[in-house]
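First the structure, in the form of structure tokens, and then the observations on it.
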Amino acid sequence: LIDEQFLAIAHDLLEAGRYIDGRGWVPATSGNFSARLDAERIAITVSGRHKGRLTADDFMVVDLAGNPLTTGKRPSAETLLHTQLYAHDPAIGAVLHTHSRNATVLSRRLGSDDLVLEGYELLKAFPGVTTHEIRVTVPVYPNEQDIPRLAGQVQAELDSGEPLYGYLIAGHGLYTWGATVEETLRHIEAFEFLFECELEERRG
Ligand SMILES: [Zn+2]
């Protein structure tokens, strides 16, 4: 399974990891990254590796049910939160999960309230958004070690058909996705900027 496409995808993700780590958004081996290989397989980071110092060896292949297709490697406990997105929408090509300070603090503040972002020009970073005059809702789920249960809550939101660009897990971090690794990085940057704005406003 170590083919050229896998290596290209691993390269995109390890470069993303260096950038994201440089911003301080994946401290202490936290977070996990994945990208689509084809209709039935994704490459995803192996559990417990530092996301700023990834090599191709730190990725494995799983199917969309989360079953390992690479022997001798253990996928992250949160793999299901990735695979459910790829299974839900064939246009999703990458999923990035980060543990930034702003996502952590803001989600703890919000508790179980959704984050509602409106009036920001930067909302145009999200696909299909052409004006600041829009409300983008970011669900906040309680943190959960029972990943299938958390995935069930996310699935209900996905099935509602409302536009969804990402979600927060309280005291934990952000999940966001896009057609490509590049687009998903743009979404992370936009979310991080907006989280910072929301925190500033709450302090003020
Ligand atoms: Zn996490």
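As the structure lists them, so they are numbered: ligands from 1, and atoms in each ligand from 1. What you see is a predicted model, and the numbers here were worked out from it, not measured in a lab. Excluded from the calculations below are hydrogen atoms, water molecules and symmetry mates; all remaining heavy atoms, backbone and side chain alike, are included.
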Practice task
Taking atom types as modelled, find out whether Ser76 and Asn32 have a side-chain donor-acceptor pair closer than 3.5 angstrom.
Solution key: yes
Practice task
Over all heavy atoms of both residues, which pair between Gly166 and Pro139 is shortest? Give the atoms and the distance, please.
Solution key: O-CD, 3.6 Å
Handout entry: Pair Arg186 + Glu189: basic N to acidic O under 4.0 Å
Key = no
Problem - Ring centres under 6.0 angstrom apart (Phe126, Phe191) - result: yes
Completion exercise
Atoms of type N, O or S from protein under 2.8 Å of the Zn ion (ligand 1), total 4
Exercise for the section: Kindly compute the distance separating CZ (Arg18) from CZ (Arg53), expressed to the nearest 0.5 Å. Expected result: 11.5 Å
Practice task
Starting at CZ of Arg23, measure out to CD1 of Ile20 and round the result to the nearest 0.5 Å.
Solution key: 10.5 Å
